[in-house]
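Note that the coordinates shown come from a computational prediction; the quantities given were computed from them, not determined experimentally.
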Amino acid sequence: VGDAGWVETGDNGNIEVSSPTLKSELTDSKRRAGTDPGSHTANFFQCIRTRAATNANSRIMRHSHLTCHAAAIAWKLNRKLTFDPVKEVFVNDAEANRLLSRPTREPWKI
């Protein structure tokens with residue numbers, strides 16, 4: 001979601017956009033086969049056993065998950081938020097930043 005509209009995709013392989021302008025900017029808008037979430041799990045456990053790298057790039061997956069969590073927090077608070085991906089915090093929003101983690105229970109510490 002941005003000033004020019006939104007783009008959405010998912011496991012079904014469809015690409016949806018909010019405006020004809022955004023659609024014209026897609027270089028490849030063909031439908032792609034979706035992914036099987038079970039394959040990710042199987043690959044993860046295989047990598048634990050073999051110590052090999054996962055099929056999904058860990059840096060990209062981290063940023064994908066951060067995006068999803070930031071969107072969920074904005075949805076929960078029912079307002080737009082600005083997220084700083086470098087610092088991994090919401091800009092000038094203490095309430096949203098409190099939702100980035102949960103308090104740990106004794107005796108657990110991170």
Side-chain angles (χ1 to χ4, degrees):
V1 175
D3 295 335
W6 54 262
V7 177
E8 176 182 292
T9 188
D11 289 340
N12 67 2
N14 291 334
I15 299 173
E16 303 291 336
V17 296
S18 63
S19 73
T21 303
L22 284 175
K23 188 166 190 145
S24 70
E25 292 181 25
L26 290 175
T27 57
D28 182 6
S29 60
K30 293 180 200 158
R31 186 175 193 278
R32 301 215 186 286
T35 59
D36 173 16
S39 296
H40 286 289
T41 305
N43 174 248
F44 176 74
F45 288 126
Q46 179 66 26
C47 291
I48 290 172
R49 288 190 289 277
T50 64
R51 297 187 179 262
T54 58
N55 290 338
N57 178 297
S58 62
R59 188 179 67 70
I60 291 172
M61 292 309 298
R62 176 179 174 78
H63 290 287
S64 296
H65 284 97
L66 284 170
T67 302
C68 292
H69 288 294
I73 290 170
W75 178 68
K76 183 175 183 169
L77 295 176
N78 196 32
R79 57 187 161 93
K80 287 186 177 185
L81 300 171
T82 301
F83 188 75
D84 181 338
V86 174
K87 295 180 180 177
E88 297 183 359
V89 296
F90 292 100
V91 177
N92 300 322
D93 198 318
E95 182 182 19
N97 284 322
R98 280 193 296 276
L99 297 174
L100 289 173
S101 64
R102 297 179 184 174
T104 56
R105 292 178 288 140
E106 292 295 330
W108 311 108
K109 295 182 191 214
I110 297 178

Handout entry: Heavy-atom pair of closest approach, residues Ser18 and Ala4
Key = OG-O, 4.3 Å

Exercise for the section: Write down the atom of Ala52, the atom of Cys47, and the distance for their closest heavy-atom approach. Expected result: O-CB, 3.2 Å

Exercise for the section: With sequence neighbours left out, write down each residue that passes salt bridge (charged side-chain N to carboxylate O under 4.0 Å, His left out) with Glu16, or none if nothing qualifies. Expected result: none

Handout entry: Separation between OG1 of Thr67 and NE2 of His69, rounded to the nearest 0.5 Å
Key = 10.0 Å

Handout entry: Partner residues of Arg49 under the side-chain hydrogen bond (donor to acceptor under 3.5 Å, both in side chains) criterion, sequence neighbours left out
Key = Gln46

Practice task
Find the distance between OG (Ser64) and CZ (Arg59) and round it off to the nearest 0.5 Å.
Solution key: 10.0 Å

Handout entry: Asp84 atom CG, neighbour heavy-atom count above 12 within 6.0 Å
Key = yes

Completion exercise
Hits for salt bridge (charged side-chain N to carboxylate O under 4.0 Å, His left out) against Arg79, two or more places apart or cross-chain, chain-then-number order -> Asp93, Glu95

Problem - Shortest non-hydrogen contact between Ile73 and Leu100, atoms and distance - result: CD1-CD2, 3.8 Å

Fill in the blank from the handout: In short, Phe90 meets Ala96 closest at the heavy-atom pair CD1-CB, 3.5 Å

Handout entry: Phe83 with Leu77, same ILVMFWY side-chain cluster at under 4.5 Å
Key = yes

